[in-house]
Amino acid sequence: MTDTSIKIGDSDYPVLSGTVGPDVIDIRKLYAKSGMFTYDPGFTSTASCESALTYIDGDQGVLLHRGYPIGELAEHSSFMEVSYLLLNGELPSGDELDKFSYTISRHTMLHEQLAQFYRGFRRDAHPMAVMCGVVGALSAFYHDSTDISDPQQRMIASHRLIAKMPTIAAMAYKYSVGQPFVYPKNDLSYAGNFLRMTFGVPAEEYEVNPAVERAMDRIFILHADHEQNASTSTVRLAGSSGANPFACIAAGIACLWGPAHGGANEAALNMLREIGTPDRIPEYIARAKDKNDPFRLMGFGHRVYKNYDPRATVMQKTVREVFDALNVSDPLFETALRLEEIALSDDYFIEKKLFPNVDFYSGVILSAIGFPTTMFTVLFALARTVGWVAQWNEMISDPEQKIGRPRQLYTGPTERHYVPIAER
Ligand code: CMC
């Protein structure tokens with residue numbers, strides 16, 4: 001893995017190569033040898049771990065899960081198959097997929113007492129707040145899968161998290177609208193079951209629309225994993241201390257909520273609603289470019305992609321499919337398309353390489369399906385759970401794994417002595 005080194009000060013440091021992507025300088029001995037730390041707030045040049053799960057080439061706009069391009073997976077695969085792939089490294093055979101899907105479907109119910117837990121939240125609570133609380137509380141209900149040193153328990157916890165997340169998310173929605181919880185129905189697909197638990201009511205049969213089910217499944221695939229993003233790094237950091245998987249995923253959900261990360265899908269649709277009609281776009285483009293205005297085009301720009309986010313390409317196509325299936329349209333889609341067109345021909349966005357990201361079009365689809373904006377990030381969390389647990393498992397199994405403990409560039413006062421209050 002290493003055949004070169006680089007000199008920093010008086011010492012040589014190994015340069016490590018992955019299968020593809022930039023080489024990394026192994027600076028683990030830097031402090032011991034030089035007494036210096038590296039400084040990289042935001043981790044713009046830091047590989048925090050070794051991983052074989054997901055690869056992004058931001059310049060080319062490429063995203064691979066275990067080597068497979070996201071576009072191919074979105075087109076031909078299913079969320080269950082992608083989940084198996086992420087967890088196990090290879091695409092499943094027919095039997096393996098059936099067995100995996102069966103296992104997941106047998107973990108969809110929640111401990112009944114958790115239903116009481118929901119009732120402790122205000123009805124108007126943001127569903128992401130509910131998600132953080134309920135997922136964190138899972139470790140109080142599933143004690144038999146919190147021993148992280150036992151691979152069997154780790155696997156059961158992973159299956160439980162993937163299986164229960166749609167139930168938890170749908171219940172968060174039902175609670176907010178004052179409708180009864182709908183129990184899972186295990187002969188439905190992962191996406192179909194989620195749609196029924198969200199939009200079905202006990203008083204009527206719910207028929208899953210196959211086109212919407214397919215779109216939902218594809219949206220889940222597009223969000224399944226994304227390398228060492230902020231929430232995944234949060235899950236890894238929380239897990240590095242030995243915290244149980246439910247606590248770690250709750251930490252990931254909390255991080256995902258922020259508008260710079262998963263919260264951008266909600267913010268993007270709110271922005272489109274605020275812009276309204278295409279004639280107002282120039283005003284918002286001008287604001288996004290104004291250094292004195294904190295406004296940013298939500299759903300635009302990415303730390304890694306300096307090209308079109310390949311997930312946004314699929315998402316844009318899926319908008320039309322959902323509109324056709326539901327026989328609806330939304331003028332905000334036209335506004336979004338026009339906004340993209342104007343931004344992509346504007347020097348500011350060209351120079352800074354700002355392109356639509358996964359969140360730009362997802363809100364239009366989710367809104368057409370019937371989700372309120374507050375549920376958008378919940379859906380991101382639901383789908384990203386498989387990536388989080390796959391990354392968490394990979395980390396726990398890594399013999400090089402240590403507790404994550406960054407250092408700092410200290411700029412506070414040097415040592416001084418306490419002054420009694422009367423003398424201050
Ligand atoms: N609108 C206007 N200007 C922007 C935008 C934007 N959406 N994004 C970045 N810029 C500008 C920014 O002002 C900065 O300009 P300058 O160099 O003159 O100071 C430059 O582009 C680089 O931005 P940055 O904030 O230093 O870049 P970053 O890598 O730290 O941030 C980002 C990446 C995604 C947080 C940022 O692009 C952003 O805030 N976008 C809007 C929120 C969003 O859509 N987030 C979803 C990300 S994709 C889903 C996910 O994986 O979570």
Side-chain angles (χ1 to χ4, degrees), residues 40-46 53-59 61-63 65 70 128 219-236 252-272 274-275 281-316 336 339-340 342-366 373 376-388 391:
D40 185 17
F43 301 106
T44 53
S45 302
T46 297
L53 277 156
T54 302
Y55 173 72
I56 304 174
D57 181 332
D59 294 325
V62 170
L63 168 61
H65 285 346
I70 190 68
M128 280 300 276
I219 291 169
F220 290 160
I221 294 174
L222 294 179
H223 288 94
D225 193 40
H226 211 230
E227 211 225 46
Q228 305 311 319
N229 57 83
S231 57
T232 301
S233 299
T234 302
V235 170
R236 280 185 176 259
I253 294 172
C255 176
L256 185 76
W257 193 2
H261 194 5
N265 52 14
E266 182 177 346
L269 196 80
N270 288 337
M271 175 193 77
L272 288 174
E274 195 183 312
I275 297 175
I281 291 172
E283 180 193 328
Y284 284 83
I285 293 275
R287 283 188 61 195
K289 289 159 53 174
D290 182 355
K291 281 268 152 264
N292 301 315
D293 188 330
F295 174 78
R296 284 184 169 201
L297 278 194
M298 299 314 282
F300 249 81
H302 198 274
R303 168 62 63 78
V304 185
Y305 293 117
K306 301 301 164 200
N307 201 327
Y308 213 96
D309 179 340
R311 302 168 300 172
T313 314
V314 183
M315 213 50 108
Q316 200 205 74
L339 178 58
E340 175 188 328
I342 294 176
L344 294 188
S345 57
D346 187 292
D347 284 348
Y348 174 93
F349 291 87
I350 294 170
E351 271 160 30
K352 295 188 190 302
K353 300 187 175 162
L354 300 169
F355 291 85
N357 61 49
V358 67
D359 293 321
F360 191 63
Y361 288 107
S362 63
V364 180
I365 307 176
L366 297 175
T373 46
F376 293 179
T377 314
V378 171
L379 300 178
F380 194 153
L382 187 170
R384 182 55 58 83
T385 295
V386 64
W388 289 330
Q391 300 262 357

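For ligands, and for the atoms within them, numbers begin at 1 and follow the listed sequence.
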Do side-chain atoms of [X] reach the backbone of [Y] as a donor and acceptor pair under 3.5 angstrom?
X: His261; Y: Ser231; value: yes
X: Arg384; Y: His223; value: yes
X: Asn307; Y: Tyr305; value: no
X: Asp57; Y: Val62; value: no
X: Thr385; Y: Ala381; value: yes

Ligand 1 versus [X], non-hydrogen atoms closer than 4.0 Å: side chain, backbone, both, neither?
X: Asn229; result: neither
X: Lys289; result: neither
X: Phe360; result: neither

Below 3.5 angstrom, do we get any N/O pair linking [X] and ligand 1?
X: Asp359; value: no
X: Leu354; value: no
X: Ala260; value: yes
X: His226; value: no

(message) So Pro356 and Leu344, do their side chains get closer than 4.5 Å, heavy atoms only?
(response)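 With C-beta onward as the side chain, the pair touches.
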(request) Check whether any side-chain heavy atom of Ile285 lies under 4.5 Å from a side-chain heavy atom of Leu297, and answer yes or no. (result)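 Result yes, sub-4.5 Å side-chain heavy-atom pair found.
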(message) Whether the His226 and Thr232 side chains hold a donor-acceptor pair (N or O, under 3.5 Å, no angle test) is what I'd like checked.
(response)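 Distance-only check fails for His226 and Thr232.
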(request) Could you tell me whether the side chains of Gln228 and Gln391 share a donor-acceptor contact shorter than 3.5 Å? (result)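 Yes, Gln391 and Gln228 have a side-chain donor paired with an acceptor closer than 3.5 Å.
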(message) So, taking the atom named CG in Leu269 and the one named CZ in Phe360, what distance separates them when rounded to the nearest 0.5 Å?
(response)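 These two atoms lie 10.5 Å from each other.
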What is the closest protein heavy atom to [atom], and at what distance does it sit?
atom: atom 34 (C) of ligand 1; answer: Gly301 O, 3.6 Å
atom: atom 41 (C) of ligand 1; answer: Phe300 O, 3.4 Å
atom: atom 29 (O) of ligand 1; answer: Arg303 NE, 2.7 Å
atom: atom 39 (O) of ligand 1; answer: Arg296 NH1, 2.9 Å
atom: atom 19 (O) of ligand 1; answer: Lys291 NZ, 3.6 Å
atom: atom 1 (N) of ligand 1; answer: Leu297 N, 3.1 Å
atom: atom 50 (C) of ligand 1; answer: His261 ND1, 3.5 Å

Enumerated ligand 1 atoms positioned under 4.0 Å from heavy atoms of [X]:
X: Tyr348; answer: 2 (C), 3 (N), 4 (C), 11 (C), 13 (O)
X: Gly262; answer: 52 (O)
X: Lys352; answer: 11 (C), 15 (O), 16 (P), 17 (O), 18 (O), 20 (C), 21 (O)
X: Ala264; answer: 43 (C), 44 (O), 45 (N), 46 (C)
X: Gly299; answer: 43 (C), 44 (O)
X: Ala288; answer: 2 (C)

Under 4.0 Å from [atom], is there at least one protein heavy atom?
atom: atom 52 (O) of ligand 1; result: yes
atom: atom 10 (N) of ligand 1; result: yes
atom: atom 22 (C) of ligand 1; result: no

(request) From the options Met298, His223, His302, Lys353, select the one whose nearest heavy atom is closest to atom 42 (C) of ligand 1. (result)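 It is Met298 whose heavy atom sits nearest to atom 42 (C) of ligand 1.
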(request) Taking atom CZ of Phe295 as the centre, report whether more than 12 heavy atoms of other residues, nucleotides or ligands fall under 6.0 Å from it. (result)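 Atom CZ in Phe295 is crowded, with more than 12 foreign heavy atoms closer than 6.0 Å.
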(request) Kindly indicate whether a cation-pi arrangement holds for Lys352 with Tyr348, taking the cut-offs as under 6.0 Å to the six-membered ring centre and within 45° of the axis. (result)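 Positive - Lys352 is close enough to the ring of Tyr348 and near enough to its axis.
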(message) Determine whether Phe300 and Phe355 satisfy the following criterion, ring pair (Phe, Tyr, Trp, His ring centres under 6.0 Å), listing intermediate values before the conclusion.
(response) CA-CA 5 Å; Phe300 249 81; Phe355 291 85; 8.0 Å; no
(request) Have a look at Asn265 and tell me which of Asn357, Thr373, Asn270, Thr377 forms a side chain to side chain donor-acceptor pair (under 3.5 Å) with it. (result)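 So, applying the side chain to side chain donor-acceptor pair (under 3.5 Å) to Asn265 and each of Asn357, Thr373, Asn270, Thr377, only Thr377 qualifies.
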